[in-house]
Amino acid sequence: QVHVVESGGGSVQPGGSLTLSCAVSVRVFGILNMAWYRQVPGKEREFVARITYYNNINYADSVKGRFTISRNDAKKQMYLHMSSLKPEDTAVYYCNAKSSRSADEYWGQGTQVTVSS
């Protein structure tokens, strides 16, 4: 069974930084397309950033220039470095892993990020 575990969330003041991590217990991490999503209560889950298994990257317009996604296939982990954080970045952040070779898709339980003064 595949487990996806996010970590690194917390509370930070506006303008601060946080780095989220996502660890995936899977036999072959290198074939996964990885992404971050976020959700606030009462709203739909929204896309934040994606890094494919061949390292193609894209970001939501709202985080471009402030967030950086990366991955370490040897460690089977993905990261999201968030800087210049704004109150509107407050949300539960979810890690998504999708196989590039099948319909398999996995979600983590989420990690809370709160940006407040």
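- Put simply, the side chain of Q112 does not reach to within 4.5 Å of the side chain of Y93, judged on heavy atoms.
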task: List the steps, then state whether side chain to side chain contact (heavy atoms under 4.5 Å, CB included) holds for Q13 with S116.
output: CA-CA 5 Å; Q13 293 188 336; S116 172; over 6 Å; no
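- For residues 60-74, every residue pair satisfying the salt bridge (charged side-chain N to carboxylate O under 4.0 Å, His left out) rule, not counting sequence neighbours, is listed here: D61-K64, R66-D89, R71-D73.
- In this structure, the side chains of V26 and L32 come closer than 4.5 Å at one or more pairs of heavy atoms.
- Formation of a donor-acceptor pair under 3.5 Å by the S25 side chain with backbone atoms of H3 is found in this model.
- Side chain of S83 to main chain of S17: no donor-acceptor pair is present (N/O by atom type, distance under 3.5 Å, no hydrogens or angles).
- A35 and M78 make their closest contact through O-CE, 3.4 Å (heavy atoms, listed as atom of the first residue, atom of the second, distance).
- More than 12 heavy atoms of other residues, nucleotides or ligands sit less than 6.0 Å from atom CD of E88.
- Side-chain atoms of T90 come within 3.5 Å of backbone atoms of P87 as a donor-acceptor pair (strictly under, hydrogens ignored).
- To the nearest 0.5 Å, the span separating OG on S70 from CD on Q77 amounts to 10.0 Å.
- Side chain of K86 to main chain of V115: no donor-acceptor pair is present (N/O by atom type, distance under 3.5 Å, no hydrogens or angles).
- Taking each heavy atom of G110 and E6 in turn, the nearest pair found is N-OE1, 2.9 Å.
- At least one donor-acceptor pair closer than 3.5 Å links the side chain of T52 to the backbone N or O of N56.
- Y79 and V113 fall into different hydrophobic clusters, defined by Ile, Leu, Val, Met, Phe, Trp and Tyr side-chain heavy atoms under 4.5 Å apart, directly or through other members.
- The distance from atom CE of M34 to atom CD1 of I51, rounded to the nearest 0.5 Å, is 9.5 Å.
- Around the CD atom of Q109, the shell of radius 6.0 Å holds no more than 12 heavy atoms that belong to other residues, nucleotides or ligands.
- Using a 4.5 Å cut-off on side-chain heavy atoms (C-beta onward), F67 and L80 make contact.
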Stepwise, does the side chain to side chain contact (heavy atoms under 4.5 Å, CB included) test hold for L85 with L18?
-> CA-CA 8 Å; L85 282 161; L18 275 177; 4.2 Å; yes
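- Using modelled atom types, no side-chain atom of E105 and backbone atom of K98 make a donor-acceptor pair closer than 3.5 Å.
- The ring pair (Phe, Tyr, Trp, His ring centres under 6.0 Å) contacts involving residues 30-64 comprise Y37-F47, Y37-W107, where partners must be two or more places apart or lie in separate chains.
- The minimum heavy-atom distance linking C22 with V4 is given by the pair SG-CG1, 3.5 Å.
- Under a hydrophobic clustering in which Ile, Leu, Val, Met, Phe, Trp and Tyr are joined whenever their side-chain heavy atoms come within less than 4.5 Å, directly or via other members, V92 and M82 fall into different clusters.
- A search for side-chain contact (heavy atoms from CB on, under 4.5 Å) contacts involving S62 returns R38, A60, not counting sequence neighbours.
- In this structure, OH in Y106 is found 12.5 Å from SG in C95, a value given to the nearest 0.5 Å.
- Following chains of ILVMFWY side-chain contacts shorter than 4.5 Å, one can reach I57 starting from V63, so the two form part of one hydrophobic cluster.
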